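Note that this is a predicted model, so its numbers are computed, not measured. Residues: numbered from 1 along the sequence shown. Below, each value reflects all heavy atoms present in this structure, side chains not excepted, and no hydrogens, waters or symmetry copies.
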Amino acid sequence: YSTGREIHGVTILGEWDQLESILDQKGIDGVVIATGERFSVDQIETITTICHANGRWVRALRLEFELLD
């Protein structure tokens, strides 16, 4: 989806289903999940479980937008 894109100095390395291979290949300390309606609760739990099993931290970035007139 947005692999390679950089947001505020943080590079998107891949999709959630690529997480285990990304953790194996990259020397990263943690994962930021940019959420919205895109991930189900089960997917977020899976991501968290994979990260914790590999000794990585997990943070969720929730974006909410409000329409201003």
Side-chain angles (χ1 to χ4, degrees):
Y1 175 63
S2 298
T3 301
R5 182 175 173 200
E6 193 170 298
I7 301 173
H8 298 289
V10 177
T11 303
I12 298 171
L13 299 175
E15 295 288 332
W16 77 272
D17 58 347
Q18 300 169 314
L19 181 58
E20 285 190 270
S21 67
I22 291 170
L23 291 176
D24 287 341
Q25 296 172 8
K26 306 286 182 182
I28 59 173
D29 296 324
V31 173
V32 176
I33 304 169
T35 65
E37 299 298 320
R38 186 164 182 213
F39 293 108
S40 69
V41 172
D42 289 339
Q43 288 171 320
I44 292 173
E45 287 179 9
T46 299
I47 292 167
T48 302
T49 299
I50 291 169
C51 288
H52 289 167
N54 287 278
R56 273 46 174 225
W57 52 259
V58 182
R59 301 290 183 270
L61 174 64
R62 290 184 173 82
L63 302 174
E64 295 183 26
F65 294 95
E66 180 179 337
L67 181 60
L68 302 175
D69 291 328

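In this structure, the separation between OG1 on Thr48 and CZ on Arg59 is 10.5 Å, given to the nearest 0.5 Å. Ile50 CD1 to Asp17 CG: the interatomic distance, rounded to the nearest 0.5 Å, is 9.5 Å. The line from CG of Leu19 to CD1 of Ile28 is 7.0 Å long, rounded to the nearest 0.5 Å.
With a 4.5 Å cut-off on side-chain heavy atoms, Ile33 and Val31 count as touching. No side-chain heavy atom of Arg5 sits under 4.5 Å from any side-chain heavy atom of Thr11.
Taking every heavy atom of both residues into account, Val58 and Cys51 meet most closely at CG2-CB, 3.2 Å.
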inquiry  = Would Thr46 and Gln43 count as a side chain to side chain contact (heavy atoms under 4.5 Å, CB included) here? Give the steps.
reply    = CA-CA 5 Å; Thr46 299; Gln43 288 171 320; 5.5 Å; no
Verdict with reasoning, Val32 to Trp57, per side chain to side chain contact (heavy atoms under 4.5 Å, CB included) = CA-CA 9 Å; Val32 176; Trp57 52 259; 4.0 Å; yes
key: From CA spacing to verdict: side chain to side chain contact (heavy atoms under 4.5 Å, CB included), Glu6, Ile12   = CA-CA 6 Å; Glu6 193 170 298; Ile12 298 171; over 6 Å; no
Test side chain to side chain contact (heavy atoms under 4.5 Å, CB included) applied to Lys26 and Leu13, step by step = CA-CA 9 Å; Lys26 306 286 182 182; Leu13 299 175; 4.1 Å; yes
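Applying the 6.0 Å contact sphere to CD of Gln18 captures more than 12 heavy atoms from other residues, nucleotides or ligands.
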